[in-house]
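A short worksheet on the structure shown next.
Each chain gets a letter, A, B and so on, in the order the sequences are listed, and its residues count up from 1.
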2 protein chains.
Amino acid sequence: MTEQTHRRVTSADVARLAGVSRATVSYVMNDTPAQTISPSTRTRVLDAAARLGYSPSAAARTLRTGRSDVVLCLLPDWPIGPEVGSMLGNLSTALARHGLTLVVHPGNREDRPIGEIWKAITPAAVIAYTDFSPGEIVAMRSAGVALVVASLGRGAQPDRRELAVPQQLIGRQQAGHLIAAGHTRLGYAYPDDDRVRIFAEPRLAGVRAECRDRQVGGPATETVALDPEQAASAVRRWHAAGITAVCAYNDEVALAVLAGVRLEGRSVPADLAVIGVDDIPPARLAAPALTTVTTDQVAVAAYLSATVVAAINGRPGPAVPTDDLVHLVRRESA
Amino acid sequence: MTEQTHRRVTSADVARLAGVSRATVSYVMNDTPAQTISPSTRTRVLDAAARLGYSPSAAARTLRTGRSDVVLCLLPDWPIGPEVGSMLGNLSTALARHGLTLVVHPGNREDRPIGEIWKAITPAAVIAYTDFSPGEIVAMRSAGVALVVASLGRGAQPDRRELAVPQQLIGRQQAGHLIAAGHTRLGYAYPDDDRVRIFAEPRLAGVRAECRDRQVGGPATETVALDPEQAASAVRRWHAAGITAVCAYNDEVALAVLAGVRLEGRSVPADLAVIGVDDIPPARLAAPALTTVTTDQVAVAAYLSATVVAAINGRPGPAVPTDDLVHLVRRESA
DNA sequence: CTGTTAGCGCGTTCAT
DNA sequence: ATGAACGCGCTAACAG
């Protein structure tokens, strides 16, 4: 066993090798504007640092400055798909440009209380898809977390920014497309999973709003599990109610509806038009190919990033970019 | 604007309120075994801590002990699906039982070098799906990261543990099922994405190995993009070669094959049997429902967790649980 | 200008 | 049960 005796390389080591003081090392490493350093010294320090493989202790820096460069994203319990995954990737890139590092904590049922998590990280900001209790917000504050960003939270609070990606727009776009295609009796395929309610409710609300605005009958809502049989019975009820088109919570639910229609011996879109959300890869591979609505994840990530950066600096966040965020992908199912 | 003047609550505050020394606070908070504390003092300290909402500074603790309770998982660039997502959730739970907090860094092209990431966290362990350069390993060492766990890495190194989830088993199971069903000419649908090669290669190798062991013709490999047209041309080539069944890299690729077969006017499984990997929700909603192979994510998470914990404590890791990790989900496509 | 000295931030731990 | 020192980087004050 080669036991690791690798003592950590500290700024003192660099200082020693470069023949300067630790303060000088710090000034050089940080390009401190208020302090001028002669080029020769600078080079010597940089050289020494490189030779030793020096990297400053994040813990020490955080302790001293009271702020880390980490942004923590608390994910909810539900299964995250490739869309969220790509959004997080984009967000990571966007934040990196501001010197911030994104880390994500995957949610899971029997997790320790949220508190344990950010306490272990001391992030500069927290992005959460769940609401915090007032107590937790106070606790974060007193622990030094500068900002609590609550995505999708219900009511705006003075303490936190609302990052609600306008889920309603998604519902509106779905319904709008269907109505424009001549449908007058819409259905809504609601997910059979309580954990995604924070997304499902605003989307359904968007569909409802669009129906109202366009003078069309409100959507006949059915809960649709990811199972052909159960989907088939929903299809039967829609049929009985004269529904000709349905908006699905997302592509998976839409795929279930497709399977249900198939099981009923009917066809899409002739008997029932279907539109999903997300444009997951299987959507274009389905029979028929699924018409769906997507969110511009790059734009969402940019917006989130800007909001976080602004909040960290105590500035007001940017306005929600309501336009050009949701796009229709027209295929065969609607 | 209610400006936040909330000074951080420190152990000194608790000590003052409880009328004891900071050392005592530390001993109480950590239940230090070597130090006896009278019940009355203990209560007083705990009370004070609760009243003030005290939570120790992770940075200070990390600085002092040289180790944080965070395990960092570095995700690769590719889109992560619900399977990986649920595995991470399970892993998080498993690690939490050992007082460890899992955080995930989503990979993305134009990211800062990996180094920047763990430097900002000072994790107790790093789990990565990519290989590190020897230089990075040395750097982590010298920065105080106890362990570098390379999942799926090619060759075992003395420095790191191999957590290779036996991807070969997946391929073997796929091919085994097909061969048992009487197929003697197998095809392999390889993904059209370089980023997933670390998974695709061992899976294909598994199929190859099974074919060899069972005296069946090695798989005719075709790269299949997630596009019906392109999949159709692969199907044509397979047909010309007399292939009667194909193993797909994963369910999405399998779905593409299904679409290709459909486009060719042929049928599954009569003309071509298809088997996928992962059992994503759309698999059972496809026409025909997709036969597939799944990995027991709970078991994988438990194994990963045990390996990490063992390594942190300098003990040898558990053996790879090769059995009961991969299961066949029998449906209609094969 | 250039670079140094000194002390802080906060929890941990040894010796008294 | 306590005083004191430590881990490591930051930065105000100060000396050449």
Side-chain angles (χ1 to χ4, degrees), chain A residues 6-46 48-49 52-69 99 119-122 142-145, chain B residues 6-46 48-49 52-69 99 119-122 142-145:
Chain A
H6 282 290
R7 217 183 32 76
R8 204 183 192 299
V9 176
T10 74
S11 76
D13 297 316
V14 178
R16 204 169 307 129
L17 180 56
V20 296
S21 71
R22 288 168 55 225
T24 303
V25 173
S26 176
Y27 289 135
V28 169
M29 300 305 287
N30 298 347
D31 271 323
T32 307
Q35 187 65 252
T36 33
I37 301 289
S38 75
S40 75
T41 303
R42 173 179 299 276
T43 312
R44 220 148 15 93
V45 171
L46 256 20
L52 294 175
Y54 167 68
S55 68
S57 151
R61 172 186 271 134
T62 300
L63 175 58
R64 182 61 240 234
T65 64
R67 166 132 313 149
S68 80
D69 290 339
K119 279 179 193 169
I121 307 280
T122 323
S142 90
V145 178
Chain B
H6 283 291
R7 221 182 29 75
R8 209 185 188 297
V9 177
T10 76
S11 79
D13 298 315
V14 177
R16 203 170 307 130
L17 180 57
V20 298
S21 70
R22 289 167 52 221
T24 303
V25 173
S26 176
Y27 289 136
V28 171
M29 299 306 288
N30 298 344
D31 271 324
T32 308
Q35 189 66 250
T36 0
I37 301 288
S38 77
S40 75
T41 303
R42 173 179 298 276
T43 313
R44 217 144 22 87
V45 171
L46 257 21
L52 294 175
Y54 168 69
S55 67
S57 151
R61 170 184 273 134
T62 300
L63 176 58
R64 180 63 236 221
T65 63
R67 165 135 315 152
S68 78
D69 291 338
K119 281 179 192 168
I121 306 280
T122 322
S142 88
V145 178

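Of all nucleotides listed (D/dC10, D/dA1, C/dG9), C/dG9 comes nearest to the side chain of B/L63. You'll find that the side chain of A/T10 is closest to D/dC8, out of C/dC10, D/dT2, D/dC8. Of all nucleotides listed (D/dT2, C/dT2, D/dC10), D/dT2 comes nearest to the side chain of B/Y27. You'll find that the side chain of A/R64 is closest to C/dC8, out of D/dC6, C/dC8, D/dT2. Distances from the side chain of A/S21 to the nucleotides C/dG11, C/dC8, C/dT5 place C/dT5 closest. Closest to the B/S57 side chain, of the nucleotides D/dC8, C/dT4, C/dC10, is C/dC10.
OP1 and OP2 of C/dG11 both lie 4.0 Å or more from every side-chain N or O belonging to B/T62. The side chain of A/T36 places no N or O atom within less than 4.0 Å of a non-bridging phosphate oxygen (OP1 or OP2) of C/dC1. For the pair A/N30 and D/dC10, the criterion of a side-chain N or O lying under 4.0 Å from OP1 or OP2 is met. B/R61 has a side-chain polar atom (N or O) that falls below the 4.0 Å cut-off from OP1 or OP2 of C/dT12. Contact between the side-chain N/O atoms of A/S11 and the OP1/OP2 oxygens of D/dC8 is not found at any separation under 4.0 Å. Proximity of A/T41 to the phosphate of C/dT2: no side-chain N or O atom is located under 4.0 Å from OP1 or OP2.
Using modelled atom types, no side-chain atom of B/R44 and backbone atom of B/L17 make a donor-acceptor pair closer than 3.5 Å. No donor-acceptor distance shorter than 3.5 angstrom exists from the side chain of B/S68 to the backbone of B/T62, with no hydrogens or angles considered. For the pair A/S57 (side chain) and A/A60 (backbone), a donor-acceptor distance under 3.5 Å is present.
When the P atom of C/dC10 is taken as reference, atom CZ of A/R67 falls 13 Å away, rounded to whole Å. Summarising the geometry, the separation between CG on A/D69 and C1' on D/dG9 is reported as 13 Å, rounded to the nearest angstrom. Rounded to whole Å, the distance from CZ on A/R22 to C1' on C/dT2 is 19 Å.
Of the options B/T24, B/V28, B/N30, a side-chain contact (heavy atoms from CB on, under 4.5 Å) to B/S26 is made by B/N30 and by none of the others.
Taking the side chain to side chain donor-acceptor pair (under 3.5 Å) definition, one finds that B/R22 meets it with nothing, sequence neighbours left out.
Within the 4.0 angstrom heavy-atom criterion, only backbone atoms of the sugar-phosphate kind lie near A/S38; the bases stay farther away.
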